[in-house]
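Notes for the one structure printed next.
So you know, we letter chains A, B, ... as the sequences are listed, proteins then strands, and number each from 1.
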Amino acid sequence: MTRVPRGYIARRRRTKMRSFASNFRGAHLRLNRMIIQQVRRAFVSSHRDRGRQKRDFRRLWITRINAATRVYNVFDSYSKLIHNLYKKELILNRKMLAQVAVSNPNNLYTISNKIKTID
Amino acid sequence: MQKALAGLRRINLDGLRWRVFDAKGQVLGRLASQIAVVLQGKDKPTYAPHVENGDMCIVLNAKDISVAGRKMTDKIYYWHTGYIGHLKERRLKDQMEKDPTEVIRKAVLRMLPRNRLRDDRDRKLRIFSGNEHPFHDRPVEPFVMPPRQVREMRPRTRRALIRA
């Protein structure tokens with residue numbers, strides 16, 4: 001049989017992967033077999049954590065809002081604040097509330113007054 | 001005293017408050033949970049889980065901590081040394097005689113999340129069995145425990161408390 005070298009197909013596939021591994025550590029960015037494994041793991045983590053990211057940030061916002069309501073004595077707790085927001089149908093989501101709490105605490109008072117006076 | 005001042009250089013101290021908890025007459029677990037919240041920095045609106053930003057916590061009067069029920073005689077701390085068959089135990093009463101600060105320290109540490117920040121948070125916690133602390137030159141502020149309804153002690157537990 002004539003000699004049939006395999007050509008450039010595999011090499012092209014592996015070079016494509018290499019670009020994703022350009023900031024990995026040690027052999028993980030140099031050796032092809034390791035690159036394949038680590039890039040696969042990286043993609044899996046990325047996919048799974050995109051869902052987690054939404055959860056994690058909401059948790060962080062809730063913790064911050066809780067702390068802020070207690071510090072500024074707006075309401076006794078996060079739960080009371082959210083309950084009152086829903087009762088008065090103010091659609092502020094937690095991301096905005098957390099940002100307000102961190103950067104502009106005076107606006108928290110504005111929000112709470114609005115909640116207390118609408119009724 | 002020297003041990004209380006140790007490790008202060010490792011903590012980045014600017015912007016942190018020094019909160020003083022008085023453990024006299026407080027219930028162990030309830031106090032520990034408040035301390036754990038303050039130590040993690042969860043009472044600040046700028047809380048971030050990957051950054052250690054808790055306040056320094058000083059606990060005074062550790063020997064006057066109280067527990068409900070028969071825990072003084074019946075609560076047992078277990079630990080295993082790693083060698084087979086070596087499960088050690090010690091009762092709360094004995095631990096209080098040996099070192100009362102360890103009781104609060106264990107309670108608080110076991111309420112903190114087990115992650116890489118736990119050691120740093122441990123370093124921020126200073127416990128004293130008496131009423132004095134060597135941090136008078138810092139701006140200390142006392143921590144006011146949240147109000148709590150204390151239920152009247154049942155007769156059997158009251159007898160157990162007296163017996164302990």
Side-chain angles (χ1 to χ4, degrees), chain A residues 23 25 42 45-46 48-86 90 92-116, chain B residues 11-22 26 29-58 108-118 120-121 124-125 139-150:
Chain A
N23 56 349
R25 192 171 175 169
S45 296
S46 170
R48 176 194 63 215
D49 290 333
R50 254 174 273 130
R52 286 219 137 247
Q53 193 180 43
K54 303 167 185 40
R55 298 184 226 168
D56 289 340
F57 270 107
R58 188 167 157 131
R59 266 176 118 202
L60 178 63
W61 296 327
I62 290 178
T63 314
R64 284 189 174 179
I65 297 169
N66 205 353
T69 53
R70 287 167 206 261
V71 163
Y72 299 116
N73 291 324
V74 178
F75 283 96
D76 282 329
S77 65
Y78 164 86
S79 48
K80 297 213 162 74
L81 172 68
I82 297 292
H83 177 61
N84 284 314
L85 273 176
Y86 279 14
L90 272 171
L92 277 172
N93 64 17
R94 286 141 180 87
K95 184 166 161 187
M96 297 192 257
L97 272 176
Q99 201 54 38
V100 163
V102 169
S103 57
N104 245 337
N106 293 320
N107 291 344
L108 266 187
Y109 287 123
T110 327
I111 296 173
S112 86
N113 288 335
K114 196 114 173 86
I115 296 173
K116 286 175 188 161
Chain B
I11 316 172
N12 185 14
L13 272 183
D14 45 356
L16 292 184
R17 293 176 287 179
W18 290 67
R19 318 277 280 270
V20 175
F21 293 79
D22 190 3
Q26 298 283 343
R30 293 182 192 263
L31 175 71
S33 69
Q34 297 295 322
I35 299 177
V37 166
V38 168
L39 215 50
Q40 290 177 67
K42 274 189 140 180
D43 53 349
K44 300 185 181 174
T46 48
Y47 167 76
H50 61 290
V51 153
E52 177 39 39
N53 213 359
D55 295 328
M56 292 288 301
C57 291
I58 307 176
V108 174
L109 278 190
R110 289 177 184 187
M111 290 190 184
L112 293 175
R114 323 290 196 271
N115 55 21
R116 295 184 195 179
L117 299 176
R118 196 167 169 232
D120 298 328
R121 287 169 176 156
K124 286 188 177 172
L125 176 64
V140 291
E141 15 176 302
F143 179 84
V144 179
M145 292 284 287
R148 189 187 147 224
Q149 311 163 292
V150 186

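In this structure, chain A has a heavy atom under 4.5 Å from the backbone of K44(B), while its side chain stays farther away.
Atom CZ of R25(A) has 12 or fewer heavy atoms from other residues, nucleotides or ligands within 6.0 Å. Around CZ of R116(B), the count of heavy atoms belonging to other residues, nucleotides or ligands within 6.0 Å does not exceed 12.
Across every non-hydrogen atom of A48(B) and L60(A), the tightest pair is CA-CD1, 4.3 Å. Between D43(B) and V71(A), the shortest heavy-atom distance links the atoms O-CG2, 3.1 Å. The two residues A67(A) and P45(B) have their closest heavy-atom pair at CB-N, 3.8 Å. Among all heavy-atom pairs drawn from T63(A) and K42(B), the shortest one is CG2-CE, 3.8 Å.
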